[in-house]
Amino acid sequence: PKPQNPLFVASINLKMMPEDSSMAMIYQDKLPMDEDLKERQYAARLFLDQIKYGNKDEKAVVTGLEILLKLIGNILKSPGDDQYRLFKRTNKAIQNKVLSLEPSNSVVSLIEALGYVEVDDDFHVFTGDYLKVLAEGNRLISEFVMAIKQKSIDAEKKQKAELMER
């Protein structure tokens, strides 16, 4: 028999399931709701700060977060396409560039704050239609990445100006 796709299992729309359904009960407390958008924004900012201060290599932070932005952007561009909702933690690029950011669980906590749900040790899935939370997370991460890039550009300009003065 063909193994069940974790994306199929986790991406069931809870609105269509009876409230006493076992799947609804499993994910009910983990799914983001509109009323906690501000709490999720706050949590995302905290996790981004942890990532910023937990890593000395700002290029690695930018690279990892840009991969995360691509994953999020794919969902926002094609919200009905289930293939983009899967976050496979065992993917080499995700392991080496995203999940390798310190502190070790900060990226996982960040994606969970944005609405992803852990299915098993290998997969996180963005479930439901909580695009408002995901779009806000996309904005926060984009601003964070731009601030790091701008800081790097400013440092390079300062260094060039100092060289010109000599």
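Every value quoted in this text rests on a predicted model; they were computed, and no experiment measured them.
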Legend entry - Nearest heavy atoms of L131 and F126, plus distance in Å: CD2-CE2, 3.9 Å

Inset, instruction - Specify the closest pair of heavy atoms between Q50 and P103, including all atoms of both residues, with the distance to one decimal. - result: O-CD, 3.2 Å

Hey, does the side chain of [X] reach the backbone of [Y] with a donor-acceptor pair shorter than 3.5 angstrom?
X    : Y    : value
D57  : K59  : yes
S78  : I75  : no
D120 : F123 : yes
R40  : E136 : no
N138 : I72  : no

Inset, instruction - Please test R89 against L99 for side chain to side chain contact (heavy atoms under 4.5 Å, CB included), starting from the C-alpha separation and ending with a verdict. - result: CA-CA 8 Å; R89 295 171 62 168; L99 297 176; 3.8 Å; yes

Inset, instruction - Could you tell me whether D121 atom CG has more than 12 heavy atoms of other residues or ligands within 6.0 Å of it? - result: no

Inset, instruction - Is it possible for you to say whether F87 and L76 belong to one hydrophobic cluster, with membership spreading through side-chain heavy-atom contacts below 4.5 Å? - result: yes

Inset, instruction - Please determine, by modelled atom types, if Q95 and N91 share a side-chain donor-acceptor pair under 3.5 angstrom. - result: no

Legend entry - Test: E66 and K97 ion pair at under 4.0 Å: no

